[in-house]
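Structure first, then comments.
Just follow the structure's listing: the first ligand is 1, and inside any ligand the first atom is 1. The chain is numbered in sequence order, starting from 1.
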Amino acid sequence: MAIKYELIKECKQTGARLGKIHTPHGTIETPIFMPVGTQATVKSMTPEELKEIESQIILSNTYHLYLRPGHDLVEKAGGLHKFMNWDRPILTDSGGFQVFSLGDLRKISEEGVEFRSHIDGSKHFISPEKAIEIQNSLGSDIIMAFDECAPYPADREYVKNSLERTTRWAKRCKKAHKNTDTQGLFGIIQGGIYKDMREQSAKEITELDFPGYAVGGLSVGEPKPLMYEVLEYTTPLMPKNKPRYLMGVGSPDCLIEGVIRGIDMFDCVLPTRIARNGTAMTSQGRVTIKQARFYDDFTPLDPECDCYTCRNYTKAYLRHLFKANEILSARLFSYHNLYFLLKLMKNIREAIKNDNLLDYRKEFFEKYGYEL
Ligand SMILES: CNc1nc2c(CCNCC3CCCC3)c3nc(N)[nH]c(=O)c3cc2[nH]1
């Protein structure tokens, strides 16, 4: 079996769990944050640096790699692990979300989605079968079903039709998936913000018996409390002995709140995206380095952080790099932001072990500046 989840401990106070996911390229400790490497690279980081910060798994994407350089080239290279020189687990998203949010969408039909490339405007068509064929070529350890992520807001009728198509597509993905012994196919639960729809989607998708499941259709602009509410009634509908992946999340508060509500896996482009804008996540909240107050501030980005960036550079120097548009700026901020989120997840795993996750949340929120 490609993917085996080991539930190690359930938190006494919350829905949090400690677990391990065994994959052909290694074991992942959960709860886990997964750095995003959309185009076969976690922007500006080398695989060695990702290992230095203890990244256990990274994400890549069907839509992007199909358009450029083409999944057949990656297959010819021996698969994504060899192509990008990353020998630990990789998860690829199916492209459904990206087609809807990136490409110039032409039309959705039962067969699949016709769209224009965001790169050169050329016309393309992705079906559930095509999305699986591409991910089989990429050789990622965890692949995602081709789904439709309904927009927010969306009315009940739209959400119902969309989740029912996502179920039909999930069945087609399961049928098309070839390498079941080396690649685990995860199903994706939709249903928007409607409890009865989430129940219907969870039932239909979990009936298909996938090795893991994602909660899709969230982090699409809905208020955070609404996302938390949807999680509260959706994760209990998901099998306890399988990993639960909340797609596209997120910021430090959402990671903690998601773990408390039973989520094991997260991904988000934030750490590397805000890094390119000179913004850091720190123990005292966000720091945006271009502010004048940092001109002659010779203290580290985050006094409580022991990462390479914080041990060797000052805010004044980082501000200079950013203002001078130096490439090193994006690298040093990305390194720190990824380290910060991976360290946060390590602290969360520790807190679950010690049964004090709620105290950890209180302490973290007070320092970071979130209201509980
Ligand atoms: C940011 N919010 C958000 N992201 C969602 C994503 C994308 C998750 N991140 C993928 C990586 C980013 C590029 C390379 C892979 C979603 N993906 C799918 N398939 N379905 C969703 O409902 C779905 C829902 C999502 N919501």
Looking only at side-chain N and O atoms, does Ser122 offer a donor or acceptor that is under 3.5 Å from a partner on His124? yes
Check: Tyr5 ring centre within less than 6.0 Å of His22 ring centre: no
Checking Lys353, Lys240, Arg17 against Glu10 for salt bridge (Lys or Arg N to Asp or Glu O under 4.0 Å), the one that qualifies is Lys240
Quick check on contacts: which atoms of ligand 1 are under 4.0 angstrom from a heavy atom of Gly216? 21 (C), 22 (O)
Tell me whether Arg172 is salt-bridged to Glu111, with the criterion being a basic N under 4.0 Å from an acidic carboxylate O. yes
Counting the benzene-type ring for Trp, do Phe333 and Phe322 have ring centres under 6.0 Å apart? no
Below the 3.5 angstrom mark, is there an N/O of Asp147, backbone or side chain, next to an N/O of ligand 1? yes
Applying a heavy-atom cut-off of 4.0 Å, say which part of Val249 lies close to ligand 1: side chain, backbone, both or neither. neither
Do Gln56 and Glu29 get their side chains close enough for a donor-acceptor pair, meaning under 3.5 Å? yes
Considering heavy atoms of the protein only, find what lies nearest to atom 13 (C) of ligand 1 and give residue, atom and distance to 0.1 Å. Thr38 OG1, 3.5 Å
Would you say the side-chain atoms of Asp264 and Tyr245 include a donor-acceptor pair closer than 3.5 Å? no
So for Gly217, does at least one of its heavy atoms come nearer than 4.0 angstrom to any atom of ligand 1? yes
Would you mind checking which non-hydrogen protein atom is closest to atom 26 (N) of ligand 1, with the distance to 0.1 Å? Leu218 O, 2.8 Å
Mind checking whether His64 has a heavy atom under 4.0 Å from ligand 1? no
Subset of ligand 1 atoms that lie under 4.0 Å from at least one heavy atom of Ser94: 19 (N)
Measure up the Tyr368 and Phe340 rings against each other and bin them: parallel (under 30°), tilted (30 to 60°), perpendicular (over 60°). tilted
Nearest-neighbour protein heavy atom for atom 1 (C) of ligand 1, which is reported as residue plus atom name and distance: Gly248 O, 3.5 Å
Nearest to atom 2 (N) of ligand 1, what protein heavy atom do you find, and at what distance? Ser219 O, 2.8 Å
Where is the nearest protein heavy atom to atom 12 (C) of ligand 1: which residue, which atom, and how far? Val36 CG1, 3.8 Å
Is there a heavy atom of Cys268 sitting under 4.0 angstrom from any atom of ligand 1? no
Residue portion contacting ligand 1 (non-hydrogen atoms closer than 4.0 Å) for Met144: neither
Could you find the nearest protein heavy atom to atom 23 (C) of ligand 1 and give me its residue, atom name and distance? Phe97 CD1, 3.6 Å
Closest protein heavy atom (residue, atom, distance) for atom 8 (C) of ligand 1: Asp267 OD1, 3.5 Å
So how far is it from Arg349 CZ to Leu18 CG, rounded to the nearest 0.5 Å? 8.0 Å
Using a strict cut-off of 4.0 Å, indicate which atoms of ligand 1 neighbour a heavy atom of Ile188. 19 (N)
Test item, Gln98 contacting ligand 1 (heavy atom, 4.0 angstrom): yes
How far is atom 19 (N) of ligand 1 from its nearest protein heavy atom, and which residue and atom name does that atom have? Asp93 OD1, 2.8 Å
When the aromatic ring centroids of Tyr317 and Phe298 are compared, is their separation below 6.0 Å? no
Side chain to side chain, Lys9 and Asp355, heavy atoms closer than 4.5 Å: yes
